[in-house]
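Structure record follows, encoded as structure tokens.
Below, chains carry the letters A, B, ... as their sequence lines are ordered, and counting in each starts from 1. This is a predicted model, so every value here is computed, not measured.
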2 protein chains.
Amino acid sequence: MGQKVKLSTIADSLGLSTATVSLALRDSPLVADATREKIKEQAQTLGYIYNRRAASLRTSRSGIIGVVVHDIMNPFYAEILRAIESELDRNRQTFILSNHYDSVEKQRNFIETLLQLGGDGVIMSPAIGTPKHDIDLAEENGMPAILIARSVDEVDVPTYRGDDAYGIALATNHLIGLGHKCIAMVGGTDQTSTGRHRYQGYVQALQKANIAVDPDLRIPGPRTKQAGFEAAVNFLSLPQKPTAAVCWNDLVAIGLMNGIARAGLVPGKDISVTGYDDLEEASIATPSLTTVWNGQAEVGRMAARALLDKLNGSSDADGLHLIRPEMRIRQSTSPLK
Amino acid sequence: MGQKVKLSTIADSLGLSTATVSLALRDSPLVADATREKIKEQAQTLGYIYNRRAASLRTSRSGIIGVVVHDIMNPFYAEILRAIESELDRNRQTFILSNHYDSVEKQRNFIETLLQLGGDGVIMSPAIGTPKHDIDLAEENGMPAILIARSVDEVDVPTYRGDDAYGIALATNHLIGLGHKCIAMVGGTDQTSTGRHRYQGYVQALQKANIAVDPDLRIPGPRTKQAGFEAAVNFLSLPQKPTAAVCWNDLVAIGLMNGIARAGLVPGKDISVTGYDDLEEASIATPSLTTVWNGQAEVGRMAARALLDKLNGSSDADGLHLIRPEMRIRQSTSPLK
DNA sequence: TTTGATTGTCGAATCGTTTTAATTTGAAAA
DNA sequence: TTTTCAAATTAAAACGATTCGACAATCAAA
């Protein structure tokens with residue numbers, strides 16, 4: 001519990017200057033090998049702890065990167081985060097994580113905190129209704145932003161997400177190919193860019209197959225298992241008696257399947273269900289879930305990479321980068337009986 | 001993109017000193033109301049951003065709290081984290097999150113990073129095999145630690161977790177009460193304190209009911225849905241033909257139920273299954289899961305509270321604090337046929 | 001008018017690094 | 001011995017806030 005050990009503690013104990021010690025610890029070629037060795041050893045035995053805030057005050061690079069998403073508890077984001085984490089880890093950046101729960105205010109708070117801490121950059125899945133101004137706040141204060149999973153209108157920073165319209169069309173076409181004609185779309189909102197794209201993809205696939213689009217077959221709702229479970233009641237009591245459901249994501253799909261099973265029907269047989277995202281969980285659900293791979297790991301990895309490159313000045317990948325989704329066919333869909 | 005706005009920018013623009021500006025922005029009663037107003041307004045219009053690292057260099061309080069758990073993607077930890085987050089948020093602390101994936105080294109790295117950043121405290125669910133020394137590292141450098149979910153031998157810092165032996169006994173007794181005699185225990189490891197306590201609870205409950213304990217009925221494994229799913233094969237091919245399973249947690253239980261269903265049996269009817277933790281998901285699984293409430297939200301809230309109190313010097317809740325689990329009976333268990 | 005208390009403001013040192021430009025050292029070349 | 005030059009080390013000025021002790025101004029009481 002002695003006094004705090006700092007550069008000067010080491011310097012004094014060896015009869016050197018702090019300058020030398022500082023350089024030595026950072027492996028500068030300016031200092032003699034023997035000296036460097038001695039210094040490192042002494043630092044070790046004294047239990048020296050590098051003070052990053054003092055350093056970053058001088059250098060204005062903090063090694064901190066912020067990540068803010070809707071909800072880290074949601075496996076969709078969790079899979080992205082894991083990829084981001086491993087990429088940042090590899091580059092010895094510290095990352096600060098936050099949920100915004102789609103509150104623009106909470107999100108702005110986070111950005112401000114990050115600026116105060118001297119964050120080097122921020123990766124965000126913007127909250128619904130995020131104004132351009134909030135992104136600018138970060139950028140103008142020298143903290144580059146990268147968007148994932150969602151876009152923000154008029155904002156040109158690097159953005160990585162799946163091609164939602166294309167992906168949902170894959171799922172819809174798969175069901176149409178199995179002979180289904182009455183296909184509901186369950187879960188999600190139309191307030192996000194994602195939501196609009198997905199609904200579009202669904203509508204266009206139906207139209208291309210000359211199937212009339214019935215707005216009543218759109219059952220919006222939260223994007224959770226719980227919501228999917230509860231949506232089953234509405235779904236099963238639709239007068240049109242849909243035989244299949246395109247779900248917003250795997251969580252909704254699994255919830256819906258549970259709800260269908262609870263009502264005594266067999267999901268995958270009586271009702272075909274598709275998910276979206278291809279979470280780890282999709283393949284072990286019962287029945288295993290037919291879904292659309294949405295490249296979470298890709299998105300996370302590429303976003304982190306883009307930020308690191310930007311910080312190194314080695315590239316500027318501004319604008320939208322779409323990951324192309326792929327179909328994963330399993331047991332939850334079957335031909336119309 | 002002008003020069004960075006700092007205290008002196010504001011001071012100069014108003015013909016005041018940085019001292020006054022600093023005090024005013026922090027609502028010190030020392031400065032006149034009119035002056036304070038003027039200063040705050042000016043700060044606003046200039047777009048001033050408080051530089052926390054400069055401040056904390058002087059004050060040695062950073063407002064940063066670290067949290068490290070096995071895996072934030074695991075809903076068990078996610079539920080704890082959510083509670084911690086809301087408590088810390090309320091007290092305007094920033095929290096830095098990390099997984100350690102049970103790597104002691106990654107965990108130590110995190111602690112070191114946190115020390116470098118001047119973290120005020122750390123909440124951790126210690127990695128398997130965490131040495132006392134690593135906790136001391138934090139404490140000795142003035143960064144108090146709080147443990148959650150697991151204990152570390154010989155370490156006396158405040159620790160919050162469920163009473164595992166008691167909880168697993170609840171589940172085992174419930175099954176015994178339903179007439180089951182051949183009860184397997186699925187998932188988890190015996191390398192953690194948690195693991196040892198849970199196995200103990202299981203064994204003691206059996207013994208008290210005069211049921212012989214068969215070590216072959218212990219099927220250890222990872223604590224994931226995937227693992228539970230895969231364990232089904234082993235479980236179903238045990239020569240003793242168990243009629244019930246006490247699972248390590250809800251994830252394993254749900255995976256196991258899926259695996260049982262995949263094999264053509266009906267979980268909850270043919271085989272009774274209990275979970276542990278009472279995740280949000282437990283009640284919407286099919287069949288809904290009989291499980292043990294383990295107070296994740298409580299643990300998170302209390303741990304955060306304890307740390308904040310410690311930082312304010314208002315209390316020292318050293319030692320172990322057990323949350324008492326409760327039974328949640330649902331559809332996945334039924335009387336022995 | 002002087003004294004004392006009160007209120008509001010400020011100068012300057014400090015926190016622990018980094019970094020530039022300058023200085024010292026030591027060995028080789030003259 | 002001096003000169004030259006490269007290599008190794010250092011002094012000191014940042015970075016942007018906080019805070020202590022001093023100082024000036026105002027006002028009430030003596």
Starting at CG of B/L115 and ending at P of C/dG16, how long is that distance when rounded to a whole Å? 15 Å
Separation of atom CZ in A/R26 from atom C1' in C/dG16, rounded to whole Å: 13 Å
Tell me yes or no: between the side chains of B/R150 and B/T194, is some donor less than 3.5 Å from an acceptor? no
Residues from residues 37-58 of chain B lying under 4.0 Å of DNA chain C - heavy atoms: B/L57, B/R58
Of C/dT17, C/dT19, C/dT9, the nucleotide closest to the side chain of A/L7 is C/dT17
Start and end of chain B contact along DNA chain D [non-hydrogen atoms, under 4.0 Å]: D/dG16 to D/dT19
Could you check A/T159, A/V157, A/T192 and say which one makes a side-chain contact (heavy atoms from CB on, under 4.5 Å) with A/S151? A/T159
Distance, rounded to the nearest Å, where B/L23 contributes CG and C/dT9 contributes C1': 9 Å
Whole angstrom value for the distance that separates C1' of C/dT7 from CZ of B/R36: 13 Å
Regarding A/A19, tell me which of base, sugar-phosphate or nothing describes its non-hydrogen contacts under 4.0 Å with the strands shown. base
With side-chain hydrogen bond (donor to acceptor under 3.5 Å, both in side chains) as the test, would you mind laying out the steps for A/S86 and A/R82 before giving the verdict? CA-CA 6 Å; A/S86 92; A/R82 185 169 285 181; over 6 Å; no
Carboxylate-amine/guanidinium proximity below 4.0 Å for B/K6 and B/D12: no
Any donor-acceptor N or O pair under 3.5 Å, side chains A/S56, A/T59: no
Does any non-hydrogen side-chain atom of A/L311 lie less than 4.5 Å from one of A/I65? yes
Is the phosphate of C/dT9 approached by B/T20 (side-chain N or O, under 4.0 Å from OP1 or OP2)? no
Hey, does B/S60 reach any base, or is it just sugar-phosphate, or nothing, if we go heavy atoms under 4.0 Å? nothing
Test: B/K132 and B/D156 ion pair at under 4.0 Å: no
Applying side chain to side chain donor-acceptor pair (under 3.5 Å), which residue pairs with at least one partner in residues 110-130 of chain A are found, sequence neighbours left out? A/R61-A/D120, A/S62-A/D120, A/Y77-A/S125, A/Q107-A/T130, A/Q116-B/R52
